[in-house]
2 protein chains.
Amino acid sequence: MAANVLVVEDEPAILELIAVNLEQAGFHVLRATDAESALRLIGEALPDLMLIDWMLPALSGIELVRRLRREERTRALPLILLTARGAEVDKVLGLEAGADDYVTKPFSPRELVARLRAVLRRRRPEVGEEVLEAGGLRLDPAARRVLVQGRVVALGPTEFRLLHFFMTHPERVHSRPQLLDRVWGDHVFVEERTVDVHVRRLRAALEPHGLSGLIQTVRGAGYRFSVQMAQDA
Amino acid sequence: MAANVLVVEDEPAILELIAVNLEQAGFHVLRATDAESALRLIGEALPDLMLIDWMLPALSGIELVRRLRREERTRALPLILLTARGAEVDKVLGLEAGADDYVTKPFSPRELVARLRAVLRRRRPEVGEEVLEAGGLRLDPAARRVLVQGRVVALGPTEFRLLHFFMTHPERVHSRPQLLDRVWGDHVFVEERTVDVHVRRLRAALEPHGLSGLIQTVRGAGYRFSVQMAQDA
DNA sequence: CGAAATGGTGACGGTTTCGTGACAATTCAT
DNA sequence: ATGAATTGTCACGAAACCGTCACCATTTCG
């Protein structure tokens with residue numbers, strides 16, 4: 001989720017101001033003070049989004065936008081332009097050049113972050129939204145809902161994510177550390193036994209619907225979601 | 001591609017100036033010097049876009065905009081307002097009344113043409129104007145009205161838009177940022193919790209009509225409009 | 001057989017999230 | 001201009017959720 005944002009702004013003070021705000025919002029910020037160094041940075045690795053000042057030395061912001069749009073590799077790169085207040089015309093020209101959005105200076109940090117997120121969200125074509133079916137279960141990620149024979153299974157957020165992971169990685173054993181990594185996130189630190197508790201809660205939620213044995217304990221190894229082995233004593 | 005543009009401007013010299021510029025840019029220009037003759041022209045044939053001066057004799061430009069937005073036939077008609085320089089309030093009022101954009105006088109021909117093209121490009125799609133029915137609700141976008149069993153449901157503007165969005169995207173969870181994005185608009189910045197309040201108001205408005213459970217909260221994720229499963233704990 | 005290891009289970013605070021009522025600011029119609 | 005309606009924000013409390021622990025059952029292995 002930590003998106004890389006490349007900020008191109010020639011005024012060092014403003015650049016830092018923006019960078020600090022974005023980093024506080026959880027973004028990873030790359031800095032550039034002119035278009036050329038920005039292009040150089042892009043050459044190494046594509047960021048997830050670019051924030052470009054309208055006024056830049058040498059190659060102007062809008063020129064940079066146009067150039068990025070011409071290149072195949074950077075064509076789909078989300079771009080946001082920073083324009084000075086009152087430059088109404090610039091907005092139109094900027095959007096025509098191919099920017100995804102613009103922010104007028106001065107701006108509030110909240111507004112900037114909101115715009116950023118909006119653009120990032122819009123560009124992503126929602127991956128992993130297919131409905132999953134296995135072992136009589138029907139999990140719909142978009143609706144965030146689990147059904148078994150038309151009946152809704154009541155699940156908490158963590159249980160839902162856990163089941164989601166199990167269903168996307170069935171028929172194999174996952175250790176507790178692995179589950180913590182994939183379901184809780186690699187930055188979270190919780191006890192391994194917490195997994196046990198949530199597995200139990202998930203089992204308890206499935207039981208009333210006649211489903212049991214789907215999640216199996218592999219002693220000394222971890223847990224496994226299995227449709228095949230679901231019916232044994 | 002030669003779009004018909006109806007220009008409403010009471011000052012003959014300015015009207016001609018605009019007309020000449022637009023025609024040079026390839027538009028077909030219709031002229032009117034007051035709101036009434038403009039309405040008469042529209043009665044015969046709808047233009048593709050209207051350029052309306054703020055100050056008009058008798059019926060003012062903003063009144064004309066409001067009136068056009070009320071009529072079903074002209075609701076989707078792209079409108080651009082011409083305002084005097086520095087009249088910041090006018091801009092807000094104009095956009096609120098339903099104009100798609102505004103241009104401040106004096107303006108450069110190039111700017112005017114750019115705005116016109118921009119507005120035409122993102123012309124309102126006629127889709128999403130058909131009557132929606134779901135879960136005992138009947139929503140008419142054109143009439144901006146919601147019925148349940150013939151009875152009118154009293155909704156504020158925001159609640160209406162919220163319900164409209166829900167009904168056009170049912171059976172899936174929408175996060176608060178997503179809802180702010182789609183219902184409030186990209187360029188509005190309000191607290192996320194504001195969504196909660198409006199969801200509550202919407203629920204409160206539906207309840208007296210025997211409808212409950214249609215809008216479900218999904219803890220940690222957002223809200224969901226669901227017709228099926230509307231009756232569970 | 002007994003000790004150690006492993007996992008199931010129930011319960012308990014702490015935290016997060018959401019519903020709700022109130023409020024001030026603003027807009028709109030009269 | 002006055003009053004009604006709408007909107008965004010906040011504070012408070014209820015409820016849901018989470019992580020942890022203690023305790024017990026079962027398995028493993030000396």
Side-chain angles (χ1 to χ4, degrees), chain A residues 108 110-111 114 144 152-163 173-177 179-180 183-185 187-207 212-224 233, chain B residues 60 62-63 65-67 69-70 88-98 144 152-163 173-177 179-180 183-185 187-207 212-224 232-233:
Chain A
S108 74
R110 204 174 63 175
E111 171 181 353
R144 233 185 184 72
V152 174
V153 181
L155 292 179
T158 307
E159 287 135 50
F160 184 87
R161 288 201 312 273
L162 183 58
L163 179 60
V173 179
H174 307 284
S175 71
R176 273 161 260 257
L179 287 171
L180 284 178
V183 178
W184 273 256
H187 51 88
V188 186
F189 174 73
V190 292
E191 292 291 328
E192 282 192 12
R193 292 300 306 276
T194 302
V195 175
D196 298 31
V197 179
H198 279 275
V199 166
R200 179 193 161 274
R201 285 171 180 160
L202 184 50
R203 283 171 172 164
L206 295 178
E207 192 109 11
S212 62
L214 275 177
I215 302 166
Q216 298 141 20
T217 306
V218 182
R219 193 174 180 89
Y223 295 96
R224 170 180 53 206
Chain B
S60 81
I62 196 157
E63 279 300 326
V65 169
R66 260 198 267 269
R67 194 140 142 189
R69 283 292 177 254
R70 266 202 295 270
E88 287 288 336
V89 198
D90 295 359
K91 299 178 182 176
V92 179
L93 285 176
L95 293 179
E96 294 253 326
R144 205 175 185 79
V152 175
V153 181
L155 291 179
T158 306
E159 287 132 51
F160 183 88
R161 289 201 311 275
L162 183 58
L163 179 60
V173 175
H174 307 284
S175 71
R176 273 161 256 259
L179 287 172
L180 285 178
V183 177
W184 274 256
H187 291 210
V188 181
F189 300 97
V190 294
E191 293 291 328
E192 283 191 10
R193 291 299 306 276
T194 301
V195 175
D196 298 31
V197 179
H198 280 274
V199 164
R200 178 188 163 278
R201 285 169 180 161
L202 183 50
R203 282 170 172 164
L206 295 178
E207 191 117 8
S212 63
L214 274 178
I215 302 167
Q216 299 146 17
T217 102
V218 181
R219 186 164 258 262
Y223 294 96
R224 169 180 54 209
D232 53 17

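So you know, we letter chains A, B, ... as the sequences are listed, proteins then strands, and number each from 1.
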Rounded distance (Å) that lies between atom P of dC17(D) and atom CG of Leu162(A): 15 Å

Separation between CG of Leu162(B) and CG of Leu179(B), rounded to the nearest 0.5 Å: 6.5 Å

Arg144(A): partners by side chain to side chain donor-acceptor pair (under 3.5 Å), with sequence neighbours left out: none

Pairwise salt bridge (charged side-chain N to carboxylate O under 4.0 Å, His left out) hits with a residue in residues 197-207 of chain A, at least two apart: none

Test side-chain contact (heavy atoms from CB on, under 4.5 Å) applied to Thr194(B) - qualifying residues, sequence neighbours left out: Trp184(B), Val190(B), Glu191(B), His198(B)

Spacing between Arg161(B) atom CZ and dG8(D) atom C1', to the nearest angstrom: 13 Å

Test salt bridge (charged side-chain N to carboxylate O under 4.0 Å, His left out) applied to Arg224(B) - qualifying residues, sequence neighbours left out: none

Terminal helix-axis angle for the helix from dC1(C)-dG30(D) to dT30(C)-dA1(D), with five pairs defining each axis and rounding to 10 degrees: 20°

Sugar-phosphate only, base, or nothing, as touched by Glu192(B) at under 4.0 Å among non-hydrogen atoms: nothing

Approximate separation, where rounding is to 0.5 Å, of Ile215(B) CD1 and Leu206(B) CG: 5.5 Å

Side-chain N,O (Trp184(A)) to OP1/OP2 (dG19(D)) below 4.0 Å: yes

Atom-to-atom span, CG of Leu155(B) to P of dT6(D) - whole angstrom: 9 Å

Which residue lies more 5' along DNA chain D, comparing Thr158(A) with Val190(B) via nearest heavy atoms: Val190(B)

Residues forming a side-chain contact (heavy atoms from CB on, under 4.5 Å) with Pro177(A), sequence neighbours excluded: Ser175(A), Glu192(A)

Nearest-Å distance for atom pair CD1/P, residues Ile215(A) and dG7(C): 15 Å

Identified side chain to side chain contact (heavy atoms under 4.5 Å, CB included) counterpart of Val199(B) within the set Asp196(B), Val195(B), Val197(B): Val195(B)

Spacing between His198(B) atom NE2 and dT9(D) atom C1', to the nearest angstrom: 10 Å

Distance, rounded to the nearest Å, where Arg144(B) contributes CZ and dC28(C) contributes P: 12 Å

Minimum-distance pair of heavy atoms, taken over all atoms of Ala205(B) and Ala154(B): CB-O, 3.7 Å

Protein-to-nucleotide contact annotation, 5' to 3' order, nucleotides 14-24 of chain C [B base; S sugar-phosphate only; - none; under 4.0 Å, heavy atom]: --BBBBBSB--

